[in-house]
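Structure first, then comments.
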Amino acid sequence: MKTEEASRAWLLDFGKGLQAAVGFHEMSHVLTSPLFFEIPCAPSYCSEVLVFQEHILPVLDIPTLLGSQKMLHNTQEIVGIGVYQEDPSQPVGYGGLRLAAFPTPIYVNNEQACDLPEYQKYWFSPLVISCFLWEGIAIPIIDLAYLFSGKFAQQP
Amino acid sequence: MNPQFYVLLMFESMQLFVPQDDIQSVEIIADVHKTQTEFGAVGWFGQEHGHGQNSPIFCLAEDLSLLLDIPEKREFFALLKSPELPVGIMCDEVENIDIREAHLHFQLLPKVMQNTASPITQLVFFQEKMGCICTGETLIEYLAYLSNNYERALLSELEDR
C-alpha cells in the first residue's frame, strides 16, 4: 500500500513470531553471517558484539529480551544494523539486531494505527512508540534509542 | 602513571587487558601453594616465596566464572595491587602491550551491555579476537563478588545437608 501520507518503514522479523517495525532511516545495513564475539558478564539478551566498520557494536536478541529462551542461531545468521540517537546533542549510535529474515520495506499510514493488543503486552511501553495493523497483525514500532540505552541492564 | 602500557593476560580464548600500573608483579604458578579454600581461591602466594603476606590466588574460566580446578595450561599469575592485600589471577600466557605502539583503540563497553557485576569497562579488537579491558580495581571487586557468591552457595549447601 502506498498513499500520499504513507511513511516508509522496515518490518523486522526476530523469529518466534516476534515482529516489529522501525523507521526507514533507522536501519543502515544488513549483515549476513558476521563474526560474533561473546562478552562475559553481559546480560543474556545482549551477550555478543560484532565488528562493523572498525566499530564494536552490541548485538541484541529480542526474543531473549522479551522473555523467550535464547534462540539457537545455527541456521541463517542475519543482523540488522540499527541507527539511533539518544537526543539531538548526542552522536549517532549503531547497534545490531539479530533477525530471522531480511527486513521487509513497507509503507505505513495513520489509518493503520491501532492499540497494542493485550496478548502482545510483552512489548513493554517505553520500548514501543506506537502500533499499526499490517496484514491483520498488530506491529509495534520500537524505539531503538531506548533499546540500546542500557536501561535494561540488570544483574547477571 | 603510564596509561598506554597494559598487561595482557590470556587464558583459554580470553584476552584480558589490565593497566600495568594496577599490577604489582607477574609470577610463575610453581610458587603458588595450591589448596582448596572455602571462598573459591585455588591457593595462596607470598609467605614462602613472595612478599611475606598470604595473597589469595584465583583461577577464572574464559567466561570469567570461578574455576576450582586449575587447568594444565595455567603457567603464570598476576598479582593485582590492592590497598589491603594483593590478589592473584591465573593465566596461560602474559604479554606487555604498549597500546600506542600496537595502534589499539579501546572502545567503551556498549551501554546496553553494562552490568554492575561486570569488571569489563572497555573492549578492543586484537589479534582477530575480542579483548576485554578491566582496571585492577574492577577486577578485585569482581573477584570479591564471585568469592562472596561462592561462599554463600557453599554455606547454603551445608545448611541443606
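A, B, ... follow the sequence lines: proteins, then strands. Residue 1 opens every chain. Only heavy atoms go into these numbers, but all of them, side chains included; no hydrogens, no water, no symmetry mates. Predicted, not measured: the structure shown is a model, and the values here were computed from it.
Side-chain rings of B/Phe125 and A/Phe37 approach one another, their centers coming within less than 6.0 Å. Ring-centre distance between B/Tyr6 and B/Phe106: below the 6.0 Å cut-off.
Using a 4.5 Å heavy-atom cutoff, the side chains of B/Leu123 and A/Val49 are in contact.
Between the side chains of A/Glu38 and A/Ser47, at least one donor N or O lies within less than 3.5 Å of an accepting N or O.
Within the 4.5 angstrom heavy-atom criterion, only side-chain atoms of A/Ile39, from C-beta onward, approach chain B. Using a 4.5 Å cut-off between heavy atoms, B/Gln122 does not touch chain A at all. B/Leu108 does not touch chain A: none of its heavy atoms, backbone or side chain, sits under 4.5 Å away.
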